[in-house]
Number of protein chains: 2
Amino acid sequence: MRIGQLAQLVGVETQTIRFYEQQGLLPPPDRQDNGYRVYTEKHGEGLAFIRRCRMLGLSLAEIHELQSYQDDPHQPCTAVNALLDDHISHVRSQITALQALEKQLVSLRASCNDDREVEACGVLAGISEGNMHQQ
Amino acid sequence: MRIGQLAQLVGVETQTIRFYEQQGLLPPPDRQDNGYRVYTEKHGEGLAFIRRCRMLGLSLAEIHELQSYQDDPHQPCTAVNALLDDHISHVRSQITALQALEKQLVSLRASCNDDREVEACGVLAGISEGNMHQQ
DNA sequence: TTAAAACTATAAAGCTACTATAAGGTCAAT
DNA sequence: ATTGACCTTATAGTAGCTTTATAGTTTTAA
Ligand SMILES: [Zn+2]
Ligand SMILES: [Zn+2]
Ligand SMILES: [Zn+2]
Ligand SMILES: [Zn+2]
């Protein structure tokens with residue numbers, strides 16, 4: 001299976017596959033005489049794993065760490081679970097920060113209707129005056 | 001006022017100030033004979049405006065757009081308000097996406113206790129099997 | 001059979017918003 | 001005269017790709 005077929009199968013671009021290989025997330029495949037990469041089903045599974053991790057918001061470093069656990073399957077899985085716990089708290093703190101931001105933005109937006117000149121715009125005034133009682 | 005003083009006043013690094021100048025967000029200041037940048041109070045206000053926009057999560061492009069409105073103060077402010085509305089919806093869709101992600105991660109995490117080998121880890125199995133009924 | 005279309009390869013740059021490093025010039029004080 | 005704090009420019013690094021450039025290969029169609 002060549003790179004284009006693998007890409008279509010998993011739903012990524014060919015450059016992304018080469019990128020993962022370069023980053024050490026996907027093992028370098030064999031090459032044909034002309035230099036074309038030849039992939040096996042294993043590569044497909046590996047690539048799908050990476051993509052699902054990415055959809056869960058895991059960083060490439062976190063994925064790399066997970067792969068290192070997979071390579072040592074008789075260890076206890078506490079590290080895997082801890083990695084996920086950490087990631088969940090990453091996500092939760094992002095949510096919290098964005099909710100605070102939304103609140104600020106909505107209150108800023110409420111300080112203007114649409115019938116003013118830029119000069120008198122409540123939004124611009126709000127930003128300029130720095131009524132930002134928040135870090 | 002030199003760059004270091006301005007930086008301390010507004011609470012940014014000097015490189016950041018040069019970066020904003022290079023990006024066209026801050027007007028190039030006059031220079032002393034030795035080449036040192038000399039800033040006025042106007043620059044301080046401009047920089048503070050940029051920083052407050054950044055704290056609101058606005059991109060440099062959005063800030064640039066706001067500045068272009070400021071340069072034309074007798075236009076109606078509908079564009080300003082619309083920019084903010086757009087940004088609020090950016091933030092809201094990020095929140096929604098992250099909340100969906102959190103839910104997925106929590107359910108994945110629940111599929112494992114801490115007393116297994118990596119081989120049998122519910123988390124890794126969950127990712128590998130691709131039980132991701134979600135985009 | 002040959003020419004175009006589609007595929008592959010590598011290397012390098014671009015994206016965002018900075019941050020950090022390198023190598024050097026300027027200034028005040030010791 | 002030299003230390004230290006400040007300033008200058010240019011360049012590279014961060015994350016996770018995407019885009020572009022340039023070139024070689026295979027497949028398809030005329
Ligand atoms: Zn994470
Ligand atoms: Zn307004
Ligand atoms: Zn926005
Ligand atoms: Zn587990």
Side-chain angles (χ1 to χ4, degrees), chain A residues 1-26 28-39 43 46-67 83 86-87 90-91 94 97-98 101, chain B residues 1-26 28-40 43 46-67 86-87 90-91 94 97-98 101:
Chain A
M1 174 187 248
R2 295 194 313 198
I3 197 168
Q5 298 170 265
L6 178 61
Q8 196 173 8
L9 186 70
V10 180
V12 298
E13 308 234 10
T14 56
Q15 301 99 312
T16 305
I17 296 175
R18 294 192 196 99
F19 172 74
Y20 288 152
E21 178 184 337
Q22 184 197 323
Q23 299 297 304
L25 289 170
L26 214 48
D30 288 341
R31 302 285 186 126
Q32 291 179 342
D33 291 347
N34 55 17
Y36 286 15
R37 291 168 175 84
V38 187
Y39 292 98
H43 287 100
L47 181 54
F49 180 83
I50 295 171
R51 291 310 305 178
R52 283 192 292 261
C53 286
R54 293 292 300 129
M55 286 181 222
L56 293 170
L58 294 168
S59 69
L60 299 192
E62 286 168 327
I63 297 171
H64 208 81
E65 201 179 327
L66 282 184
Q67 289 178 334
L83 189 153
D86 279 359
H87 186 63
H90 296 170
V91 170
Q94 284 182 61
L98 284 173
L101 195 55
Chain B
M1 174 187 251
R2 295 191 314 199
I3 197 168
Q5 297 170 268
L6 178 61
Q8 197 174 7
L9 187 69
V10 180
V12 298
E13 307 234 10
T14 55
Q15 302 102 310
T16 305
I17 298 175
R18 295 192 196 98
F19 172 73
Y20 288 152
E21 178 184 338
Q22 185 198 321
Q23 299 297 303
L25 291 169
L26 214 47
D30 287 342
R31 301 287 186 124
Q32 291 179 341
D33 291 346
N34 55 17
Y36 288 15
R37 290 170 175 82
V38 187
Y39 292 98
T40 67
H43 288 100
L47 182 54
F49 180 83
I50 295 171
R51 290 311 303 179
R52 284 192 291 261
C53 286
R54 293 291 300 127
M55 286 181 222
L56 292 171
L58 294 168
S59 69
L60 299 192
E62 286 167 328
I63 297 171
H64 208 82
E65 202 178 327
L66 282 184
Q67 290 178 334
D86 279 357
H87 186 62
H90 296 168
V91 171
Q94 283 181 59
L98 285 172
L101 196 55

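The figures here come from the full heavy-atom set of this structure, side chains too, leaving out hydrogens, waters and symmetry mates. Since the model is a prediction, treat every value here as computed from it, not as a measurement.
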- Closest non-hydrogen atoms of B:R31 and B:V38, given as atom of the first, atom of the second and distance, are C-CG2, 4.3 Å
- Query: Looking at A:T16, does any N or O in its side chain come under 4.0 Å of the phosphate oxygens OP1/OP2 on D:dG16?
  - Reply: no
- Pull out every residue in residues 59-66 of chain B that has a heavy atom closer than 4.0 Å to any atom of DNA chain D, ordered by number, or say none. none
- Item | d(CG, B:L58; P, C:dC18) in whole Å | 12 Å
- Return yes if some donor-acceptor pair links the side-chain N/O of B:Q5 with the main-chain N/O of B:R2 below 3.5 Å, else return no. yes
- How far apart are the closest heavy atoms of A:L47 and A:L26, and which atoms are they? N-CD1, 3.8 Å
- Nearest heavy-atom pair of A:I3 and A:T14: which atoms, and what distance? CD1-O, 3.6 Å
- NE2 (B:H43) and CD1 (B:I17) are apart, to the nearest 0.5 Å, by 10.5 Å
- Query: For the pair made of CZ in A:F19 and P in C:dA12, what is the distance, rounded to whole Å?
  - Reply: 16 Å
- Item | Value in whole Å for how far the C1' atom of D:dC6 lies from CG of B:L6 | 15 Å
- Item | Heavy-atom closest contact (A:L66 atom, A:C53 atom, distance) | CD1-SG, 4.0 Å
- Item | Heavy-atom pair of closest approach, residues B:L101 and A:M55 | CD1-O, 3.3 Å
- Query: How would nucleotides 3-10 of chain C be written as a contact map, 5' to 3', with B for base contact, S for sugar-phosphate-only contact and - for no contact, using protein heavy atoms under 4.0 Å?
  - Reply: ----BSSB
- Message: Nearest whole Å is fine: how far is C:dC18 P from B:L25 CG?
- Response: 9 Å
- Query: When the distance from CD of B:E13 to P of D:dT14 is rounded to whole Å, what number comes out?
  - Reply: 18 Å
- Query: Does the side chain of A:Y20 get closer than 4.0 angstrom to OP1 or OP2 of D:dG16 through an N or O atom?
  - Reply: no
- Message: What is the separation between atom OH on B:Y39 and atom P on D:dC6, rounded to the nearest whole Å?
- Response: 16 Å
- Task: Nearest whole angstrom, please: distance from the P of D:dT25 to the CG of A:D33.
- Result: 12 Å
- List for me each residue that meets salt bridge (Lys or Arg N to Asp or Glu O under 4.0 Å) alongside A:E62, sequence neighbours excluded, and say none if there are none. none
- Item | Distance in Å, B:R51 CZ paired with B:T16 OG1, rounded so as to fall on 0.5 Å steps | 6.5 Å
- Message: From NE2 of A:H90 over to P of D:dA15, roughly how many Å is that when rounded to an integer?
- Response: 13 Å
